[in-house]
Trainee: 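Sharing a structure with you now.
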Amino acid sequence: MRAVTSADPYPDGADGDIPASLREKVYEDLRWRLITGRIAPGVGISTRGLALEMGVSQMPVRDALSRIAAEGAVEIRSKRAVMVPRMTPVRFEEIMQLRRLLEPMVSRAALPHITPDVLRQIRQADAAIDAALAGGDVRAYMDSNHRFHSLIYGAAPLPLALRMIESLWMQFGPFMRVVYGRYGTANLVDQHRQAIAAIVAGDADALVAAVSADIGDCADLMQDWERLNL
């Protein structure tokens with residue numbers, strides 16, 4: 001039985017009855033939904049609805065939401081009031097500053113470990129991004145953009161830093177999806193070709209520059225989250 005904390009309003013379930021593999025699967029699914037903007041800010045999150053979508057009981061969903069709340073990506077006010085917390089200027093700036101620190105560092109560490117097979121997958125992700133941009137498909141762009149970055153960062157032997165990056169993406173993903181959805185894909189700048197060229201050349205400085213520029217472009221577009229009252 002878990003200890004009851006302010007971040008854990010679900011003390012009445014028998015967690016021991018839930019297989020660890022199922023808890024982890026649901027947790028990772030919810031993380032992915034936040035990262036790719038499938039859970040919108042300012043909208044109540046239904047544990048019942050999520051459980052039905054995933055084909056599981058509500059308990060592993062509640063367990064996962066408690067874990068994600070501890071990471072700051074959702075706010076649990078009661079069993080029936082769960083949502084992505086409102087963004088603030090201070091929080092937004094801190095998230096972007098951490099991205100500027102962590103993602104270039106991890107990219108540099110990843111470069112020596114990017115195999116030809118991983119590079120092939122990175123190219124495929126970039127092609128999917130191009131198709132999404134051309135087709136105006138924001139959801140497909142979010143999915144492929146996350147895959148592109150994950151393939152690069154995931155090559156680095158830095159699992160703790162990678163988990164921190166994913167937690168940051170969980171927190172800005174819902175806002176990124178709404179802002180990009182309002183303005184469309186025509187306003188999105190693709191820095192990924194420069195990143196691929198740097199990987200092919202084995203140029204760590206160029207890869208860091210491309211990743212940093214990509215983060216800067218994202219931050220510039222997302223500055224409108226406040227005006228959109230998210």
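We number each residue from 1, following the sequence as shown. Every value quoted in this text rests on a predicted model; they were computed, and no experiment measured them.
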Trainee: Atom CE in Met54, atom CG in Leu30: separation rounded to 0.5 Å?
Mentor: 3.5 Å
Trainee: As an exercise, state the distance from CD of Glu75 to CG of Leu65, rounded to the nearest 0.5 Å.
Mentor: 12.5 Å
Trainee: Could you tell me whether the side chain of Ser167 reaches within less than 4.5 Å of the side chain of Arg31, counting heavy atoms only?
Mentor: yes
Trainee: Look at the rings of Trp169 and His146 and say which category their plane angle falls in: under 30° parallel, 30 to 60° tilted, over 60° perpendicular.
Mentor: tilted
Trainee: Is it true that the side chains of Gln121 and Arg147 contain a donor and an acceptor less than 3.5 Å apart?
Mentor: yes
Trainee: Give a yes or no on whether a salt bridge exists between Glu28 and Arg163, defined as a side-chain N under 4.0 angstrom from a carboxylate O.
Mentor: yes
Trainee: Apply side-chain contact (heavy atoms from CB on, under 4.5 Å) to residues Tyr153 and Leu102 and explain how you reach the verdict.
Mentor: CA-CA 10 Å; Tyr153 303 157; Leu102 288 171; over 6 Å; no
Trainee: Does Arg123 pair with Asp126 as a salt bridge, N-O distance under 4.0 Å?
Mentor: no
Trainee: Can you tell me how far NE2 of His192 sits from CG of Leu133, rounded to the nearest 0.5 angstrom?
Mentor: 9.0 Å
Trainee: Same cluster or not: Met105 versus Ile95, using hydrophobic residues (I, L, V, M, F, W, Y) connected whenever any side-chain heavy atoms lie under 4.5 Å apart?
Mentor: yes
Trainee: Could you check whether any side-chain heavy atom of Val118 comes within less than 4.5 Å of a side-chain heavy atom of Ile122, counting everything from C-beta outward?
Mentor: yes
Trainee: Answer yes if Val200 and Leu207 sit in the same cluster of Ile, Leu, Val, Met, Phe, Trp and Tyr residues linked by side chain heavy atoms under 4.5 Å apart, and no otherwise.
Mentor: yes
Trainee: Surrounding CZ of Arg120 (heavy atoms of other residues, nucleotides or ligands, distance under 6.0 Å), is the total greater than 12?
Mentor: yes
Trainee: Any side-chain heavy atom of Phe172 within less than 4.5 Å of one from Val179?
Mentor: no
Trainee: Let's go through Ile215 and Gln191 carefully: what are the C-alpha distance in whole Å and the side-chain angles of both, what is the deciding distance for side-chain contact (heavy atoms from CB on, under 4.5 Å) to 0.1 Å, and is it a yes or a no?
Mentor: CA-CA 9 Å; Ile215 295 169; Gln191 299 284 352; over 6 Å; no
Trainee: Please examine the side chains of Met96 and Arg99, heavy atoms only from C-beta on, and report whether any two atoms are closer than 4.5 Å.
Mentor: yes
Trainee: Salt bridge (charged side-chain N to carboxylate O under 4.0 Å, His left out), that's the test. Do Arg67 and Glu24 meet it? Break it down for me.
Mentor: CA-CA 10 Å; Arg67 293 172 65 184; Glu24 199 63 25; 3.2 Å; yes
Trainee: Please name the pair of heavy atoms, one in Ala155 and one in Ile114, separated by the smallest distance, quoted to 0.1 Å.
Mentor: CB-CG1, 3.8 Å
Trainee: Please report the shortest heavy-atom distance between Met142 and Gly173, naming the atom on each side.
Mentor: CE-O, 3.6 Å
Trainee: Going by heavy atoms in the side chains, are Asp214 and Glu103 under 4.5 Å from each other?
Mentor: no
Trainee: Kindly indicate whether the side chain of Glu94, heavy atoms from C-beta on, has any atom under 4.5 Å from the side chain of Arg91.
Mentor: no
Trainee: Step by step, would you call Met59 with Arg23 a side-chain contact (heavy atoms from CB on, under 4.5 Å)?
Mentor: CA-CA 9 Å; Met59 186 51 61; Arg23 287 203 302 268; over 6 Å; no
Trainee: List the atom of Pro85, the atom of Gly72, and the distance in Å for their closest heavy-atom pair.
Mentor: CG-O, 3.8 Å
Trainee: Are Leu111 and Leu162 connected into the same hydrophobic cluster when the rule is that any two of I, L, V, M, F, W, Y join if their side-chain heavy atoms are below 4.5 Å apart?
Mentor: yes
Trainee: Where is the tightest heavy-atom contact between Asp203 and Ala206, given as atom of each residue plus distance?
Mentor: OD1-N, 3.0 Å
Trainee: Distance from Ile39 atom CD1 to Ile45 atom CD1, nearest 0.5 Å?
Mentor: 4.5 Å
Trainee: Contact between Leu98 and Met164 at the side-chain level, heavy atoms closer than 4.5 Å - yes or no?
Mentor: no
Trainee: For the CG atom of Leu22 and the OG atom of Ser57, what is their distance to the nearest 0.5 Å?
Mentor: 7.0 Å
Trainee: Give, for atom CG of Leu168 and atom CG of Leu101, the distance between the pair rounded to the nearest 0.5 Å.
Mentor: 10.0 Å
Trainee: Start with the C-alpha gap between Asp137 and Tyr141, add the side-chain angles, then the distance that decides, and say whether side-chain contact (heavy atoms from CB on, under 4.5 Å) holds.
Mentor: CA-CA 6 Å; Asp137 190 336; Tyr141 171 83; over 6 Å; no
Trainee: Among the clusters formed by ILVMFWY side chains lying less than 4.5 Å apart, do Ile129 and Leu151 turn up in the same one?
Mentor: yes
Trainee: Should Ile196 and Val106 be regarded as members of a common hydrophobic cluster, given that ILVMFWY residues are connected when their side-chain heavy atoms come within less than 4.5 Å of each other, either directly or indirectly?
Mentor: yes
Trainee: Using side-chain heavy atoms (C-beta onward) and a distance below 4.5 Å, is Leu34 in contact with Val74?
Mentor: yes
Trainee: Do Thr36 and Arg38 pair up side chain to side chain, a donor and an acceptor below 3.5 Å, judged on atom types alone?
Mentor: yes
Trainee: Can a salt bridge be assigned to the pair Asp29 and Arg33 using a cut-off of 4.0 Å between side-chain N and carboxylate O?
Mentor: yes
Trainee: Identify the heavy atoms of Ala109 and Pro157 that sit nearest to each other, and give their distance.
Mentor: O-CD, 4.0 Å
Trainee: Kindly give the heavy-atom pair with the smallest separation between Arg177 and Gly37, and that separation in Å.
Mentor: CG-O, 3.3 Å
